[in-house]
Structures are given as C-alpha cells and as structure tokens.
A.B. asks: 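One structure is given below, represented as structure tokens, and several questions about it will come after.
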Amino acid sequence: MNDRDQIINNNNQPDELSEHIKVRLDKLTSMLKDNKNPWGLRYEKTHDNLDVITRFEQLEGSEVSLAGRIMAIRGHGKATFVDLVDRSGKIQLHVKADLLGEERYHEFSTYDLGDIIGIKGTVFKTKRGEVTVQVKECTFLTKALRPLPDKFHGLKDIDMRYRQRYVDLMVSPEVRDTFIKRTKIIKAIRNYLDNLGYLEVETPVMHTLAGGAAAKPFVTHHNALDMTLYLRIALELHLKRLIVGGFEKVYEMSRVFRNEGISTRHNPEFTMIELYEAYSDIDGMMELTENMVASVANEVLGTKKISYQGQEIDLTPPWTRISMLEAIKKYANLDLSGDLSDAEALKLAKEHHLEIEPSWTYGHVVNGFFEKYCEEKLIQPTFVYGHPLAISPLAKKDEKDPRFTQRFELFIVGREHANAFSELNDPIDQKQRFLDQLKEREAGNEEAHVMDEDFITALEYGMPPTGGLGIGIDRLVMLLTDQPSIRDVILFPHMRPKE
RNA sequence: GAGCCAUUAGCUCAGUCGGUAGAGCACCGGACUUUUAAUCCGGGCGUCCGGGGUUCGAAUCCCCGAUGGCUCACCA
C-alpha cells in the first residue's frame, strides 16, 4: 500500500480526530485523488515579502514570485484577499476568479489557513493603500493538517509556546525577532573578538573530569571504553591549556551543561563564552567586557541605553567598579575587612541568619553576605571584584591581601552576567587549591572542584600571566532583548515530558 | 525539593450560591470582485487536565496525581 492509498484509507475510518483535522484530511484526500501533490516541490522565489513592500516604487506593475504560509483569508465571492507570511513578514495577495480562471479559483478556495503556497503575480496598491500582489498563478506547496491558533490573540499558553516552538514562531513575529536578535548578538560578539585577533576554538564536550566550575555534571558512559564521561560544566581548563600551547588569545562560545535546578535564569544546557588572553589580567578583562557588551548592544539595538523589564540600564562604559568588601559595607552596613577568624565570621553569619554550610570559612561568609545583601541591589552594570580565595580556586591571589583574589563578577539588573580573573598560573599553588577543594568535597560540598592532574602538568610547562572571562550568553540575550525568562531566549528550553 | 496559583471547544477566554456548558476567532453551509480582527445569514463543536471521594446532583467542594507559571531553595 502506498502513502496515498494509506491516507485515503485511514481517512475512511471513523476516528477521534477533531473536526478541523478531519476536514483538512478530506481536502488532502481529494487532492491525492485528483493527482495534485499536497507536499510540493522546489519553488523559485524572486523576492521576500518585505522586499516587495519596501521596494514598491520600483516593483509596481512588475511580476514577482513569492512563497509562504497562508495566515489569513478574507473571501469576497469571486475574489479573495490572503495574508501570505514568509521569513521577512506578511504581504497581502489578491486572488480573482476572472484572472485565475473559474476552476483554479475554486481550487484556491479550498486552501486552509496554514497551507503553504507559491504565487506569481503583479505588484499593485489597493484603494486603502496596501501593497498587494495580484495573483496570476498559484502553486500549492504544502498542506497543513492542523489548525492555527487564534489569528488575533496568537498563542498564549506558555507551556505550548515552549513545547511547540514551531507554532509559537509561526504566529508570533516578536518571538521570531527575539531569536533573530539572539543570532545577531552572537555574531556581533564573534566579530568583535575576531577583529581583536582572538582565535575561536572547539574543545571537548565530553570530559573525563568535570572541572572549571563549581557545579554538578551530567554523567554518561562510553561503551567501547567502558568508562564514565561527564558533559562539560565549563570551558576553562581546556582553553587555558591552549594558552599554555601558545595561542595567546582564544575563545569558545558553546554549550555547557549543569545538573541543577531549572528556573527563569537557569536551563540545564546553556551557552557560554569563555575567552583567555595572555599578558592581560582582571583589569584588561573589565575593559574588554564593558567595551564589547556596549559595542554589541549598539550594533544590534542601535543604542547603549536599554530598558529591561521597565528599568533603564545604561551600558555606556566605563562601568562602576566596587570591591566585594566595599559592597558589603555599602549595602549590608557591615565591615568584614578586619582580621576575622573562621569562627568569628561564622558567628556573624549566624547572627544575620545566613544559611551556612558545614564546610564554610571566612571567605564563604564574605561571599554569603554579598549574595544576601548586595547582588539584587546592583541594577546598573557593576564590576564586583576581590572575591575570597576560598570560592575562587582558579584565580590569582590579590598580592596585597592573600585572603582575596584578582577576580570580578559583573552584575546587571541584580543578576550575574560575567565572571573573570587574572588566571592562576602557579602550578604549585594551583595544586594546593585543588587539594583544598577536595577537602571541601569530602566535607560534603558536591560542587567543589575536582583535581585535574593534567591541568597542573600543563601549568608546569608555564602559562603566561593571563586574563580570562566567561559570559553567560543566554542571560546577556535576555538583557538585550528585554525577556523575563531564559526560556524566552532558548528556542527549545528543557521541559518535563508531558504524561 | 517546598509554598501559592493555573489547567473549560482547534486558539483566546467567561462560567454567579453545587442545578447538568458559553462567547469571540477558527471550522462547516450560503451570499458577496479592493478587504484587512472584512461583512451578512445559518450551523455545533466539549475526556471541563487525570483518578478517587462528598452529594439527589460536581467544571464548581474535598483528597491524590500530572503538567505549567510565580516565589523560595538549589545554582559563584
């Protein structure tokens, strides 16, 4: 039995399909019976819809060939108006029986919302002034068996928007725009770094050790080698090996995976860029960050002043710089700069009702105060620098105060957007830091870093002083496209399977 | 993982005090050759998220479950 017979047969059987689908299957069946192809062939377009509209003066009266999806039909007996939507947008078609012929016009009248057609016709303007194509020829390209959502309200059901993004994209131009902007932002970043002489590289996604960040990895298994592998949680350690190798300026913009909770700011797989520049440092990374983000905003949005969920954000460099201790002084009215013992720090944390982990030391307490009292206050772009050593096992120590590191995090609208440091290039210190992390791990911190012996070996060959930076691309896209949830900037966000 | 809220026609939503299901769009039939959320006439759509319970009677009240949203937790 071939496909055609199968469809005709199936359609003869009563089933539980909705009226809409039955009607469309009936139309499909009659097309097949009439030897009309409902699944179309290659079609030659001469223009995108938007071209015809923007270049109307030149194109008026001439013939164009367009293709797209039927999104609205306004019938008037022997003539019909149709909205045809392609990647560039909507254009109106006018189809007349006397121009197309009675038979072809009747056939046209059986087309449904959602069907995909190609047309040839001449460009004109209606009485009301809308650029329209008078259809002379129409080619059926693809049958839609399911009805479209409400043409006026569109698709509102958030669950369905994420699960069936194709429907969302079909009916929501603003969703399409967001994802087009996402691509432009990513291209602008690549462009910016390429122009500075950075080399884009690819490093392994499957790791034998999940290092470079404090996070739980996804675990998988290689059958032939019979070994456990982890999906990467960061790009860091491989990229720094490439700095040892002599590339000097490298970046990778790609997916990382963290086995953690899901929220409006967290998707299990997300896109990060990490870049490393030999002979630079934390200050170089600050300058690069503010200049790059401002430049990308300007290129994609045409402005450095943006609005995020009603808040005005000014991305014009230079951005505010404040140390973590100063921030705590400012927002929590607490001076933690003195020589506090771990016990004293913990006592203070308890007094302020911080949730404490058993493995915590002075440095963790400082970070705890910062997270509780400061993060949400940092609305305008702010570099917070001087992170405690205990939470920064890959960063160089602050030469003046070895309890802290040459590290910054960037906060905008109260959220972390970037993380950077002068990279630790002392293999002996690095080994000790990993050992300290292992102790934390034993104390119950599942997210503590793991020991990476080969990375130590790489450092033993000598890594130049280096500045490194990581930016969460999804969060940056959220910021620049004014989207409230990370799911609004990821085409297919992770969802629990239904049922 | 916890709390709160939501789930009704293809889509967007209403549904009173517990009395047996509604609108707009879409769809079906008809009219209509410059409309544009086209208009006009006619038509009926349904596992009220799923399962159990209370009740003479449940979309509505109670319990369990599913999925989603928000907040919190987790997450540098």
Side-chain angles (χ1 to χ4, degrees), chain A residues 16-24 26-27 71-83 90-100 105 112-114 124-132 134 144-164 167 171 212-216 233-234 258-268 270 324 355 357 363-364 366-368 370-371 375 384 387-388 390-395 405 407-411 415-421 445-449 470 472 484-485 487 493 495-499:
Chain A
E16 288 172 20
L17 294 172
S18 78
E19 181 67 25
H20 294 84
I21 294 181
K22 275 184 197 155
V23 166
R24 284 161 187 256
D26 282 343
K27 289 181 180 175
M71 294 301 283
I73 299 173
R74 295 178 289 280
H76 294 77
K78 297 285 180 221
T80 299
F81 287 98
V82 167
D83 288 344
K90 180 184 94 177
I91 195 161
Q92 177 168 266
L93 309 178
H94 192 232
V95 189
K96 289 200 287 193
D98 50 15
L99 207 68
L100 209 61
Y105 184 78
D112 290 308
L113 292 184
F124 76 108
K125 222 174 222 178
T126 61
K127 279 183 201 163
R128 304 283 181 92
E130 176 151 353
V131 176
T132 302
Q134 187 66 254
L145 295 178
R146 291 176 185 269
L148 292 172
D150 189 294
K151 68 179 169 187
F152 188 63
H153 297 95
L155 190 61
K156 288 269 174 60
D157 186 308
I158 292 174
D159 191 18
M160 211 186 300
R161 284 191 42 225
Y162 297 147
R163 285 182 202 275
Q164 294 183 274
V167 180
V171 299
K216 281 179 225 157
I233 56 173
R258 296 190 184 177
N259 207 339
E260 291 157 0
I262 297 172
S263 78
T264 50
R265 275 141 285 145
H266 301 266
N267 196 62
F270 61 102
M324 191 175 273
E355 285 185 34
E357 297 293 325
H364 298 95
V366 169
N367 187 53
F370 175 75
E371 286 182 1
E375 277 192 9
V384 175
H387 291 59
I391 59 157
S392 313
L394 300 166
T405 57
R407 171 182 177 187
F408 77 74
E409 286 178 308
L410 166 65
F411 289 88
R415 280 179 205 156
E416 186 200 339
H417 279 78
N419 181 23
F421 20 97
N445 180 1
E446 284 183 77
E447 275 110 39
H449 289 238
S485 168
R487 297 181 200 99
M495 301 291 273
R496 214 185 287 253
K498 211 134 199 180
E499 296 309 294

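Residue numbering restarts at 1 for every chain, and letters A, B, ... go by the order of the sequence lines. These numbers come from the heavy atoms of this one structure, side chains and all, not from hydrogens, waters or symmetry mates.
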A.B. asks: I want to verify a distance call: between rC75(B), rU12(B), rU67(B), whose nearest atom is closest to the Lys156(A) side chain?
C.D. replies: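 Looking only at heavy atoms from C-beta outward on Lys156(A), the closest nucleotide is rU12(B).
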
A.B. asks: Judged by atom type as modelled, is there a donor-acceptor pair below 3.5 Å linking the side chain of His94(A) to the main-chain atoms of Gln92(A)?
C.D. replies: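 No.
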
A.B. asks: Taking only the side-chain heavy atoms of Ala79(A) (C-beta and beyond), determine which of rU33(B), rC74(B), rC28(B) contains the nearest atom.
C.D. replies: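 Output: rU33(B).
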
A.B. asks: Restricting both atoms to N or O, compile the protein contacts to nucleotides 35-39 of chain B shorter than 3.5 Å, with distance only.
C.D. replies:
unit_1	atom_1	unit_2	atom_2	d
rU35(B)	OP2	Arg128(A)	NE	2.9
rU35(B)	OP2	Arg128(A)	NH2	3.3
rU35(B)	O4'	His76(A)	NE2	3.4
rU35(B)	O2	Arg74(A)	NE	2.7
rU35(B)	O2	Arg74(A)	NH2	3.4
rU35(B)	O2	Gln92(A)	OE1	3.3
rU35(B)	N3	Gln92(A)	OE1	2.6
rU35(B)	N3	Gln92(A)	NE2	2.8
rU35(B)	O4	Gln92(A)	NE2	2.3
rU35(B)	O4	Thr126(A)	OG1	3.0
rU36(B)	OP2	Arg128(A)	NH1	2.9
rU36(B)	OP2	Arg128(A)	NH2	3.4
rU36(B)	O4'	Arg74(A)	NE	3.2
rU36(B)	O2	Gln92(A)	OE1	3.4
rU36(B)	O2	Glu130(A)	OE1	2.8
rU36(B)	N3	Glu130(A)	OE1	2.6
rA37(B)	O3'	Lys151(A)	NZ	3.4
rA38(B)	OP1	Lys151(A)	NZ	2.1
rA38(B)	OP2	Arg74(A)	NH1	3.3
rA38(B)	N7	Gly75(A)	O	3.3
rA38(B)	N6	Gly75(A)	O	2.5

A.B. asks: Across nucleotides 3-8 of chain B, 5' to 3', mark each nucleotide with B, S or - according to how protein heavy atoms within less than 4.0 Å reach it.
C.D. replies: ------

A.B. asks: Please determine if a side-chain N or O atom of Arg487(A) lies less than 4.0 Å away from the OP1 or OP2 oxygen of rC70(B).
C.D. replies: yes

A.B. asks: Of all residues at least two apart in sequence or in a different chain, which pass the salt bridge (Lys or Arg N to Asp or Glu O under 4.0 Å) check with Arg407(A)?
C.D. replies: Glu409(A)

A.B. asks: Starting at the 5' end of RNA chain B, which residue's closest nucleotide do you reach first, Met495(A) or Glu357(A)?
C.D. replies: Met495(A)

A.B. asks: When we call it a touch if two heavy atoms are under 4.0 Å apart, what does Thr80(A) touch: a base, just sugar-phosphate, or nothing?
C.D. replies: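 Result for Thr80(A) = nothing.
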
A.B. asks: Expressed in whole Å, how much space separates the C1' atoms belonging to rU47(B) and rG10(B)?
C.D. replies: 16 Å

A.B. asks: From the set rC28(B), rA26(B), rU71(B), return the single nucleotide nearest to any side-chain atom of His20(A).
C.D. replies: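 My answer, after comparing the listed nucleotides, is rA26(B).
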
A.B. asks: I want to check one thing: is the phosphate of rG68(B), taken as OP1 and OP2, less than 4.0 Å away from some side-chain N or O of Arg496(A)?
C.D. replies: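 Answer is yes, contact under 4.0 Å.
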
A.B. asks: Measure from CD1 on Ile158(A) to P on rG68(B) and round the result to the nearest Å.
C.D. replies: 12 Å

A.B. asks: Please classify the nucleic acid contact of Arg163(A) as base, sugar-phosphate, or nothing, using heavy-atom distances under 4.0 Å.
C.D. replies: sugar-phosphate

A.B. asks: Counting side-chain heavy atoms from C-beta on, which of rC74(B), rC11(B), rU33(B) comes nearest to Leu155(A)?
C.D. replies: rC11(B)

